[in-house]
Amino acid sequence: MENLAPISPGADAIERLVQGLNPPQRRAVEHGEGPLLVIAGAGSGKTRVLTRRIAFLVATGQAHPSEILAITFTNKAAQEMRNRVEELVGGVSRLMWVMTFHSACARLLRANAERLGYKRSFTIYDQADSLRMVKRCMEENEVDPKRFTPRSIQAAISGAKNRLEDSTDYAAQQSSYFEQVVSEVYSLYERRMVEASAMDFDDLLVRTVNLFELFADVRERYQRTFRWLLVDEYQDTNRAQYRLLQLLAGEAQNLTVVGDDAQSIYSFRSADVRNILEFEHDFQGAEVVKLEQNYRSTGTILDAANAVIANNTEQKQKNLWTDAGRGEPVVVAELDDEHAEARYVAGEIERLVGDEDYSRDEVAVFYRMNAQSRVLEDTLVRYEVPYQVIGGTKFYERAEVKDAIAYLSLLANPADAISFTRVINSPRRGIGRQTESRILSHTNTTGEEVWDVMSRPDVVPGLGSAAVKAVTRFAAVMAGLRDRAEGDSVAELLESVLHDTGYFDSLEAERTLEAEGRMENLQELIGVAGEFDINRKVEGEEREDTPLEEFLAQIRLFTEQDGIRDTESLITLMSLHNAKGLEYDAAFIIGCEEGVFPHARSVEEGNLEEERRLAYVGVTRAKQRLYMTCARRRSLHGTSGWNLPSRFLREVPDELVDHKAMAIQTGWQGGRSDGAAIRGFGGRGELRAADRVQPQTPEAEFRVGDDVVHASFGEGVITSVEPGSVVVVRFASEGGERKLMADYAPLKKAS
DNA sequence: TAATATTACCTTTTT
DNA sequence: GGTAATATTA
């Protein structure tokens, strides 16, 4: 034997897994049994730590791949983690469960639904479906939807579930009239959901907790199955998720959680920061590792982020640092209104992409509210900057897509009352509200499934002969489709559904552009189904579920997040919430104004610290360049008003900032009028009232930012105004700029 | 029942 | 400004 120090076969591989890690990262990766908390600052390489740790556990033989359950919050994050783990450990990664809380729960429940009184083929209701159910329950209980909005009641129910209170618990401690109403609706909602064999997103978590609490054998089985638990974004967990982890972790407590309390921005969705703040208390003997070295941003950007977040009181102390150098200052630009802001952003993007060689897919614009994207989009179109918008109305929330999915849901689960109400008169087949609600009350009184009732409409009291006929025809079509549901692929089935039900025909009959778009969306959905069919065939595992059931389960937990592309040459627009977990070379945070960001409502409700964390998230997305902009005047829901610059702007130390106060160059006004605007940022104190109200002379002349139309060059925008009534116009048709004599050119303001 | 006028209302939303 | 849920009428 030549080797004096025998090296085990995997030693090399193991060494490679910890190579290139900094000391705390390495400590986290090499941690053995027992609870581990990793406080991971923004950009500190947490995904790297998580994936290496998984690989390390497998490589050292501490864990068998099938014993690993790694949980994320988004499908996208799960996908990324799966890929990266596979790169490290190879094909055995397929034995691990790497998925979202909700997917994991759905899968566990699918196998055990009957023990909780649900059908195996239970349907997952998204928020919109669940809201419809809440509305129906309110109607049944004769709750006035004007007095209490369905939304607020839904939110109250969801909140209760996330605290693991069922309707009985809730009823026991209600103390106001509103809560009393909620508790009644909640109780009916629970009943109707079980009858429809449907679960909303909260149910997926809560019912899994129920399953583990009620059935020790099930709990112990899964405790043994998943000996190693790893959770990403732990700061976003709620009580139900916490309880779930506690139950799964069992005695062994091989639980690794990674998160950053400073990035907790989902309290309105019942996420509870205390979960991460009290982890060491909840899981005794936990090792704590802090990752503070940032590999993403410049020193200037990090200092800005640190300075902003320092204004919060409750947090785990940490200080992000980097050895990457200072970089450029943060640009803070104050503009006249949201249009000027949009033009500034568009202009800067052109400059970054054109002159500084930034790639478009490395540029993003963040805003507080989705509604803010509209003005920006208009401007980007005019500047011919290609972009994509993340969020807003999502593909899977479009009416036609939901209709199509509802048809499939009803085929898979004949008790699904909400899907029934969605499709019964869409397309129009002369079945109105009356008929619909009579059928539903009949199902509620007899306890039958909607499918059975609609198949025999003659037994429903109060239905006229025309209604009976229409419903019978509908039921016959559905019955025909159900016969096919068994054999056909999902794509084929979906296509039959859309043809046989007359859905395509009615869209075609509309002959509008909108209808055409809907057809395209439906074609895309068929495409998604086709892809699913192919993948399923490839995997070829033995499965108990039908393809249809599986497809529906998957698609319900799908979101637009999965559609974020970075391969194409597009800049990205999204809300600050959507930005978490992403990074861009250059980032713009627009609408940094009191009332917008921080949002007025958050200020009222005292959620300032969360708003500040949102600012922290936004700032830390930027790798090299950060812009923060605000508008003095902004139209918000119809009316225009004046705003103060956001306090978050003032919280960024002056020495890190390059102020750009874009005063309006009016040209004819004689003196410069930019003094007040610049002063707005100079001092730290309160802005004076005089700074807020900008006395503007009416639009007798052209001003920078005006949209104009030229008789021969077409639409354009004034980019500057020079002495002697010369205006510089950038025309959409040409891309370049042109100097014109304002008094003589055939130039008009656009309306 | 369905198409059209009118009015109320507005954050964020991984699943 | 724009949606979405009501009220109104054909």
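Proteins get letters first, then strands, A, B, ... in listed order; numbering begins at 1 in each.
Summarising the geometry, the separation between CD on A/Gln79 and P on B/dT15 is reported as 13 Å, rounded to the nearest angstrom. Taking atom CD1 of A/Ile555 as the reference point, atom P of B/dT15 lies 14 Å away to the nearest angstrom. Following rounding to the nearest Å, A/His102 (NE2) and B/dT13 (P) show an atom-to-atom distance of 16 Å. Separating the CZ atom of A/Arg621 from the C1' atom of B/dT14 is a distance of 14 Å, rounded to the nearest angstrom. Straight-line distance from the CG atom of A/Asn578 to the C1' atom of B/dT13: 8 Å, rounded to whole Å. Distance, A/Ile424 CD1 to B/dA2 P: 12 Å, rounded to whole Å. Rounded to an integer number of Å, the gap from A/Asp232 CG to B/dT15 C1' is 15 Å. Note: CG (A/Leu205) to P (B/dT15) measures 13 Å, nearest angstrom.
Residues A/Met369 and A/Leu636 have side chains in contact (heavy-atom distance under 4.5 Å, counting atoms from C-beta outward). You'll find the side chain of A/Val619 stays beyond 4.5 Å of the side chain of A/Phe648, heavy atoms only. Within the 4.5 Å cutoff, the side chain of A/Glu80 has no heavy atoms near those of the A/Thr72 side chain. A heavy-atom distance below 4.5 Å is found between the side chains of A/Leu582 and A/Met574. The side-chain heavy atoms of A/Gln154 and A/Gln127, taken from C-beta on, include a pair separated by under 4.5 Å. Residues A/Leu552 and A/Thr123 fail the side-chain proximity criterion, which asks for heavy atoms closer than 4.5 Å.
Taking the P atoms as reference points, C/dA4 lies 15 Å from B/dT13, given to the whole Å.
Note on A/Asn75: a side-chain N or O is less than 4.0 Å away from OP1 or OP2 of B/dT15. Dashed line: the shortest gap from a side-chain N or O of A/Asn425 to OP1 or OP2 of B/dT1 is not under 4.0 Å. Under 4.0 angstrom from either OP1 or OP2 of B/dT11 there lies no side-chain N or O belonging to A/Asn370.
Looking at heavy-atom distances under 4.0 Å, A/Phe101 makes no contact with the nucleic acid at all.
Base orientation of B/dT12: anti (glycosidic angle beyond 90° from 0).
For the 3.5 Å distance criterion, the side chains of A/Arg518 and A/Asn521 fail to qualify, holding no donor opposite an acceptor.
Listed by first then second residue, pairs satisfying salt bridge (charged side-chain N to carboxylate O under 4.0 Å, His left out) with a partner in residues 121-149 of chain A read A/Asp126-A/Lys402, A/Asp129-A/Lys402, A/Asp129-A/Arg556, A/Glu140-A/Arg192, not counting sequence neighbours.
Listed nucleotides B/dA3, B/dT13, B/dT11 differ in distance to A/Arg368; the shortest reach to its side chain belongs to B/dT11. In the set B/dT14, B/dT12, B/dA2, B/dT14 carries the atom at the smallest distance from any side-chain atom of A/Phe73. Comparing B/dT14, B/dA3, B/dT12 against the side chain of A/Arg428 picks out B/dA3 as the nearest. Each of B/dT13, B/dT11, B/dT15 was ranked by its minimum atom distance to the side chain of A/Glu611; first place goes to B/dT11.
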When you compare the protein's N or O atoms with those of nucleotides 1-8 of chain C, which come within less than 3.5 Å of each other, and at what distance?
residue : atom : partner  : partner atom : Å
C/dG1   : O6   : A/His637 : O            : 3.2

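Along DNA chain B, the nucleotide nearest A/Gln434 and the nucleotide nearest A/Arg556 are compared for position; the residue whose nucleotide lies closer to the 5' end is A/Gln434.
Taking a 4.0 Å limit (strictly below) on heavy-atom distances, residues 597-610 of chain A reaches DNA chain B at A/His599, A/Arg601, A/Ser602, A/Glu605.
Residue A/Arg269 places no side-chain atom within donor-acceptor reach of the base of B/dT12, judged by atom type and a 3.5 Å distance cut-off alone.
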Ignoring hydrogens and angles, write down the donor-acceptor pairs under 3.5 Å from the side chains of residues 601-608 of chain A, residues two or more places apart or on other chains.
residue  : atom : partner  : partner atom : Å
A/Ser602 : OG   : A/Glu611 : OE2          : 2.9

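Legend: residues meeting side chain to side chain donor-acceptor pair (under 3.5 Å) with A/Ser197, ordered by chain and number and at least two apart, are absent. For A/Ser635, the side chain to side chain donor-acceptor pair (under 3.5 Å) test picks out A/Glu338, with sequence neighbours left out.
Between A/Phe268 and B/dT12, a base-stacking contact is recorded: ring centres under 5.5 Å apart, planes less than 30° from parallel.
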